[in-house]
Amino acid sequence: MANTLHQIQVFRSRVQRISGSTQAVRLQREKTFDFDRAAYDTPLQNHPVSAKVDGPQLAPSTDNLMRHAAFVMAVVALGITMVAPSLAADRTTFAVALPPDAAAVDPEKWEDATFANQAMLDKPAATDTASGTTDLAWRAYSELWQAHAADPSNRAIRRFLGLPLSGTIEIRSARGRSAPSWLQWRRGSYQQFESPHFTIYSRASDADSQRVAVDLEQCYWVWTQMFFPLWEGNQQVALAFAEWTPGTSIADLLAKKTSRLSTRAKLTVVLFRDWNEYAATLSKAIPGIERSTGFYSDENRTTFLFAGHEETEATRRHELTHQLFREATRSTRSRTSRSAVDKMPGEDAGFWLIEGIAGYFESLQLHPSRATLGGWDASRLQYARYRTLVGGDFMPLSELEPEGRLQAQQRPDLARYYAHAIAHTHQLLDGGNIENRKWIYHHLAELYGIESPYPDVPAPDTGVQPMRSFLTVNDEDLKRNPPDPATKRLCLSSCEVTADGIEGFPKLPQLDWLDLSRNRQIDSDVVNSVLADATSLTQLSLEATAVDNRIADPLKNAKKLEELDLSFAAIDDSLIQAISGLSELRTLWLTKTEVSDAAMDVIETLPKLEVLDVQQTKVTDARLEQFKRARPNVKLNPLELRVQ
C-alpha cells in the first residue's frame, strides 16, 4: 500500500502565468505564494529573492489515494472510529470601526465574545505586575470598542480612536509625488492615499484603492484588539485608562480627557493596478514574483499587493500580519542587521508560528457591525481537517518548533508543514485553554523581540487526540456559527454532522470544494440544499454518505466540476446518465456503487477524464478491457483494495 501511495498521485491542472507564458501547474488547490521576509537585506531592485510557497495546501484530489487507501483498508465495512467533538470556543468576536450614524450594535452580539477577554479575566495577574497592568489595560481597550459599538456617535470615543465625525475611516488622496525611489514611478503616474495608519501608493482605481484602504484600517483595529499585549499602543491605552476601574463607564472617563491614540509611523503599502503590472514591475528584481498574490518586504518595510484578484483579500491579511508584528510593535529586532546576535524572527527556530499566525489572521471575517477571527469554517483549517481526520496525518509541535525559516522552506512536504502549523495556531488560540492562548502571545513576543506579557506561562501539552477533537465539529457548532455566504471551501469529512446542523446554512454560491464524506446521516436532501446555488463547484466528495440518485439535479448544474467522489453511495447507472454533460470532470470515484457496463458507455465519453475507480461494482471485466482500449491514458482502478 505504501508503494501504491508513493507511485500513484492524482492531480488536476491549474493554469497559471509563468514569466509571461501560460503553463499548466499541477495544483489541486490554488496556492498563495509569499516571499521570504528574512532575505530582504539589500534594496529591493538589487536583491533577487526566490519565492517560497506560502501555505500550499493538501489537495483533496492530489492525495485522494491516501484518503481512499486509508479509508478502504480500515473501513470497507464502514466501521469508522470517531473522536468526540470539542466544546471549544471556536472563534473570537471583535468590534469594528463604525460611522457615527450607524445603529447601535445589539449587546447580544458580544455574548459569544467572552473568549476575547478571558485571557485577562479568568486568571488575572496581580495589578502591581507588568502582566496585570497589561491585562487591565486590555480589558479597558476591549470595553472601549464595545462602547463604540453601543454608541458609534460618541465624540469622546471617536476622538480617542481617531475616527472621523462623518464616515467610517478618513482617507485622503492626492496625486502621487513621494513614492520610494526603488519603485521607479514617475511623479503623477500614481495616487497617494493617506489613512490614519497607512500610506498607500496606488495605480489601481480610486474605488479599489479606497476599498483596500478601509479594509486595511479595519484589519489594523481588529489586530490591535486581538494582539493588544504586543501592540505598541498598549502603553498609551494603559496611561489613558490608569484611573479606570472595571464596571465604570469608559465613555464618561474619556469625556473628561483630551488624549488620543497616536502612531509612531504609518505603514507603507504599494497597490498595483492588476497582476500584470505587479509582475512586470517586480519580476526582474524578484524571481518567482509572477506566481504570487502579494508579499511583505521586511527590508523595504512595504507590503506589495495588486487589485482585481479573488485571493488578494486573504493575501492582504496574511502579509499585513507580518507587517504589523514587525512595525506596529516595540520589537527590539533590527530590520537591517543580519548578525548572528540579531537574526530575523523565526530564522533559527519557531518559523511555524511566524507563518501560522499569518495564516490564522486569514480567517478574519468582517461584518457590518463586528468581526471574527478563527472558527471551524476558516478556509485554511479545512485542509488541516482533511489531513488529520481523513488522512490520519499529524505533525507534533516537537517536530515543527526546532525548524527555522530555511530548514522549513526546504522541506519536501512544505504543504503538510503549513497545514499543521496553521492548525496548531488555531487550536492553541481557540481551543478553549486560556494558558495555551497566553503561550502563543508569549512565544510571539520571544520571536519578535517584544517584552513578553506572560513570561511564566507553561508550554502547551499538545497531541493528536486534542487536535482531532478540536477539528471535529458537530451540529451545535454548525448551528451556532453557520458558514459565511462567501465561503469557498468546506471539509466536514468524518465529523458526523447531520441535516439538523446543515439545514441552517446560507446559500453558498462561491463554494468550490465540499467534502461531506463519511457522514452516514447526510442524504440527498441535505446535499441538494447545500448545492442549490453552488455553480462554481469544482470538487465534491460524498463518499460513504446516504446519498442516492436524487442528487442528479444539482450535479447537472455543476458544470465546472472536476472531481466527484461517490464511493460507497447508493447510486447507479441513472445518475451517471445525468452527469454526462460534465465536460470538465477529471476524476471520478465510484468504488463499491451499483454502476454497471451501461455507466461505462457514458463515462467513456467524458473528454477530460484522467482517473476512474469502479472496483467492487457491476462493471464486467470485458467492459473494463474495452474501456482501456478506448481511453488508454485514463488511470483505471488505481487503488489497491484489501479487506482486513
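Quick caveat, the model's predicted, so the values are computed rather than measured. This chain uses plain numbering: 1 for the first residue, then up along the sequence. Excluded from the calculations below are hydrogen atoms, water molecules and symmetry mates; all remaining heavy atoms, backbone and side chain alike, are included.
For the pair Asp515 and Arg385, the salt-bridge criterion is not met [side-chain N within less than 4.0 Å of a carboxylate O].
Residues passing the side-chain hydrogen bond (donor to acceptor under 3.5 Å, both in side chains) test with Thr498, sequence neighbours excluded: Asp475. Phe198 is linked by a ring pair (Phe, Tyr, Trp, His ring centres under 6.0 Å) to nothing, counting only residues two or more places apart in sequence or in another chain. Residues that satisfy the salt bridge (Lys or Arg N to Asp or Glu O under 4.0 Å) test with Glu503, not counting sequence neighbours, are absent from this structure. Residues satisfying the side-chain hydrogen bond (donor to acceptor under 3.5 Å, both in side chains) test with Gln521, not counting sequence neighbours, are none. Listed by chain and number, the residues in a salt bridge (Lys or Arg N to Asp or Glu O under 4.0 Å) with Asp215 are Arg316, Arg317 (sequence neighbours excluded). Judged as a ring pair (Phe, Tyr, Trp, His ring centres under 6.0 Å), and not counting sequence neighbours, the contacts of His424 are Phe394. Annotation: ring pair (Phe, Tyr, Trp, His ring centres under 6.0 Å) contacts of Phe505 (sequence neighbours excluded): none. For Glu476, the salt bridge (Lys or Arg N to Asp or Glu O under 4.0 Å) criterion is met by Lys479, not counting sequence neighbours. Every residue two or more places apart in sequence or in another chain was checked for a side-chain hydrogen bond (donor to acceptor under 3.5 Å, both in side chains) with Trp376, and none qualifies. Residues passing the ring pair (Phe, Tyr, Trp, His ring centres under 6.0 Å) test with His197, sequence neighbours excluded: Tyr220, Trp221. Residues satisfying the side-chain hydrogen bond (donor to acceptor under 3.5 Å, both in side chains) criterion with Ser195, sequence neighbours excluded, are Glu217. Under the rule for a salt bridge (Lys or Arg N to Asp or Glu O under 4.0 Å), the partners of Asp533 that lie at least two apart in sequence or sit in another chain are Lys507.
Considering CG of Leu561 and CG of Asp512, their distance stands at 10.0 Å, rounded to 0.5 Å. To the nearest 0.5 Å, the span separating CG on Asp525 from CD1 on Ile502 amounts to 12.0 Å. Rounded to the nearest 0.5 Å, atoms CD (Glu319) and OG1 (Thr315) are 7.0 Å apart.
Using bins of under 30°, 30° to 60° and over 60° for the plane-to-plane angle, the ring pair Trp145/His148 lands in the perpendicular bin. Aromatic ring pairs are classed by plane angle as parallel below 30°, tilted from 30° to 60° and perpendicular above 60°; the pair Phe361 and Phe227 is tilted.
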Hey, mind stepping through Leu531 and Leu540 against side-chain contact (heavy atoms from CB on, under 4.5 Å) and telling me if it holds? CA-CA 10 Å; Leu531 298 184; Leu540 175 63; 3.8 Å; yes

Would you sort out whether Val105 and Leu98 count as a side-chain contact (heavy atoms from CB on, under 4.5 Å), showing the intermediate values? CA-CA 10 Å; Val105 178; Leu98 299 172; 3.9 Å; yes

Please determine whether side-chain hydrogen bond (donor to acceptor under 3.5 Å, both in side chains) holds for the pair Thr224 and Tyr141, giving the CA-CA distance in whole Å, both sets of side-chain angles, and the decisive distance to 0.1 Å. CA-CA 9 Å; Thr224 65; Tyr141 191 63; 2.8 Å; yes

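Annotation: Tyr441 is in aromatic contact with Trp138 [ring centroid separation under 6.0 Å].
A side chain to side chain donor-acceptor pair (under 3.5 Å) with Asp377 holds for exactly one of Gln382, Arg489, Arg91, Gln365; it is Arg91.
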